[in-house]
Amino acid sequence: RYYVSTRDMMYDVVQKNVYEIVKKNNEVLDFRLKRIVESSWDLMSDNVFIEKSSSMVLDNSYKMISMDIELTKLLDKHFLSFKDISFLQLMTSNYIFGYSALAGSNRNYIPIQSFISSNLYNTAIEAKGKLEWYPTYDITQMFSRSAATEENQEHNFMFSAVQHMKTSNIRFRDPIGDREIIENPILIINFGENFFQDVFKSSITMKYSYFFIIDKNGQYISHQNRNKIGKKENFPWLSNIVQKQSGNEVVNIGNSRVLI
């Protein structure tokens, strides 16, 4: 009886301690993600952004580069404080404005045509001006890039925020039909999956413990085993946990009983 009561007491202490750690980490992540949403809406309603983006018809490379400089300054103004961003770009069918921390001077790291035919693009269009989060994916698969050419495959895993910038009207001149093409660019903000890893890895230090993040459909957003990231699992307990929203649960994962 003494063993059982001691075990139950220790279990209760561990459960409460881990729950508080996870809860605080969630608050940190929620705060960071909320700031991204606020910054994207600040950009969309920025009068300078609205005026600059439609100030000229882009019919030559000089004008496109000049516009790129102006728009990149505005992106920096609203997002410079976020150190975790890997890509911060305004995508159009004619030009990519902004920058990529990973690609350096290669702004076409995400090819335009591959982006337009991707699920990421469809997500932005279907959201009709609302910022949407897209769960972690392998960028080499999403945009048909060769993984063999990547120096560090750890950077392949990204999650994104995308928004169709309805207030911005970027105008291009079609050289063939000599007509004006007006586009609302799509804002794409890419984060490395380490965004999640860095929050949790220093705080979940108990022996035999590990962490992962999944969405309500069972797709891994983050996992210490990188082979699982972006893949789905059919957890029978997931729907109950989603409905519960907070707290903890003991479930079976593989051959182990796990406290979640």
Side-chain angles (χ1 to χ4, degrees), residues 36 40 43 53 57-76 79 82 84-127 129 131-166 168-177 179-195 219 221 226 229-231:
I36 290 291
S40 69
L43 174 64
S53 62
V57 178
L58 305 180
D59 54 8
N60 59 58
S61 58
Y62 172 78
K63 289 182 178 179
M64 288 188 184
I65 293 172
S66 297
M67 179 67 76
D68 181 40
I69 292 171
E70 295 295 333
L71 294 182
T72 300
K73 288 179 182 177
L74 287 167
L75 289 171
D76 280 342
F79 294 97
F82 299 99
D84 304 302
I85 294 176
S86 299
F87 295 86
L88 178 60
Q89 297 180 317
L90 290 164
M91 309 287 290
T92 71
S93 62
N94 288 275
Y95 196 85
I96 300 175
F97 303 92
Y99 62 87
S100 160
L102 288 182
S105 60
N106 180 15
R107 69 179 60 257
N108 294 308
Y109 188 86
I110 299 178
I112 290 176
Q113 291 307 315
S114 293
F115 175 73
I116 291 175
S117 61
S118 70
N119 291 333
L120 205 57
Y121 173 84
N122 293 333
T123 297
I125 296 299
E126 291 170 3
L131 183 136
E132 283 287 321
W133 297 101
Y134 194 93
T136 312
Y137 58 93
D138 187 333
I139 195 170
T140 62
Q141 295 178 10
M142 176 74 75
F143 302 115
S144 303
R145 296 183 59 88
S146 172
T149 64
E150 305 299 330
E151 294 182 3
N152 189 347
Q153 294 190 21
E154 179 179 318
H155 293 303
N156 290 347
F157 295 107
M158 298 278 173
F159 78 99
S160 302
V162 288
Q163 186 169 19
H164 202 188
M165 307 299 282
K166 294 287 191 177
S168 173
N169 295 303
I170 298 181
R171 297 181 294 156
F172 298 94
R173 178 74 65 187
D174 181 3
I176 299 177
R179 60 189 179 90
E180 191 175 294
I181 300 173
I182 300 176
E183 287 191 44
N184 303 126
I186 292 176
L187 175 68
I188 175 171
I189 310 168
N190 271 18
F191 301 82
E193 186 265 343
N194 281 338
F195 178 90
Q219 179 172 330
I221 308 299
R226 293 191 172 276
I229 298 174
K231 297 178 181 178

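These figures come from a predicted structure and were not determined experimentally.
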Mind checking whether [X] and [Y] have side chains closer than 4.5 Å, heavy atoms only?
X	Y	value
Tyr121	Ile186	yes
Ile110	Met91	yes
Asp174	Glu180	no
Phe159	Ile229	no
Phe191	Trp133	yes
Phe82	Leu88	no
Glu126	Glu132	no
Phe97	Leu74	no

Task: Sequence-distant partners of Tyr137, side-chain hydrogen bond (donor to acceptor under 3.5 Å, both in side chains), two or more places apart - done: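 Residues passing side-chain hydrogen bond (donor to acceptor under 3.5 Å, both in side chains) with Tyr137: Ser160, Asn190.
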Give, for atom [atom1] of [X] and atom [atom2] of [Y], the distance between the pair rounded to the nearest 0.5 Å.
X	Y	atom1	atom2	value
Leu131	His164	CG	NE2	13.0 Å
Gln89	Asp68	CD	CG	9.0 Å
Phe115	Ile188	CZ	CD1	5.0 Å
Met158	Met142	CE	CE	11.5 Å

What pair of heavy atoms forms the shortest contact from [X] to [Y], and how long is it?
X	Y	result
Ser86	Gly192	OG-N, 3.6 Å
Asn194	Arg226	OD1-NH2, 3.0 Å
Pro135	Ile221	CB-CD1, 3.2 Å
Leu71	Leu90	CD1-CD1, 4.1 Å

Open item on the list: Quick one, Tyr134 with Asn119, criterion side-chain contact (heavy atoms from CB on, under 4.5 Å). Give me CA distance, side-chain angles, the key distance, then yes/no.
Closed with: CA-CA 9 Å; Tyr134 194 93; Asn119 291 333; 3.3 Å; yes
- [ ] Just do the side-chain contact (heavy atoms from CB on, under 4.5 Å) check on Phe143 and Leu120 with the steps written out, would you?
- [x] CA-CA 10 Å; Phe143 302 115; Leu120 205 57; 3.8 Å; yes
Open item on the list: Assess, by modelled atom type and distance only, whether the side chains of Gln163 and Ser40 contain a donor and an acceptor separated by less than 3.5 Å.
Closed with: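 Yes, a side-chain donor-acceptor pair sits under 3.5 Å.
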Open item on the list: I'd like to know if the side chain of Thr92 pairs up with that of Asn94 as donor and acceptor (distance under 3.5 Å, no hydrogens or angles considered).
Closed with: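 The answer is no; no qualifying pair exists.
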- [ ] Please lay out, stage by stage, how Ile189 and Phe79 fare under the test side-chain contact (heavy atoms from CB on, under 4.5 Å).
- [x] CA-CA 10 Å; Ile189 310 168; Phe79 294 97; 3.7 Å; yes
Task: Backbone of Ser114 reached by a side-chain donor or acceptor of Ser117 within 3.5 Å - done: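 Here the side-chain-to-backbone pair exists.
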Open item on the list: I'd like to know if the side chain of Asn184 reaches the main chain of Ser168, judged simply by a donor and an acceptor atom lying under 3.5 Å from each other, with no hydrogens or angles considered.
Closed with: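 Yes, because the side chain of Asn184 sits within donor-acceptor range (under 3.5 Å) of the backbone of Ser168.
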Task: Results of salt bridge (Lys or Arg N to Asp or Glu O under 4.0 Å) for Asp76 - residues two or more places apart only - done: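 If we apply the salt bridge (Lys or Arg N to Asp or Glu O under 4.0 Å) test to Asp76, skipping adjacent residues, there are no hits.
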Open item on the list: Applying salt bridge (Lys or Arg N to Asp or Glu O under 4.0 Å), can you list everything that pairs with Arg173, at least two apart in sequence or on another chain?
Closed with: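 Arg173 satisfies salt bridge (Lys or Arg N to Asp or Glu O under 4.0 Å) with no residue once adjacent residues are dropped.
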Task: Glu183/Arg171 under salt bridge (charged side-chain N to carboxylate O under 4.0 Å, His left out): CA gap, chis, key distance, verdict - done: CA-CA 6 Å; Glu183 287 191 44; Arg171 297 181 294 156; over 6 Å; no
TODO: Would you please test Ile170 and Leu58 for side-chain contact (heavy atoms from CB on, under 4.5 Å) and show each step?
DONE: CA-CA 8 Å; Ile170 298 181; Leu58 305 180; 3.8 Å; yes
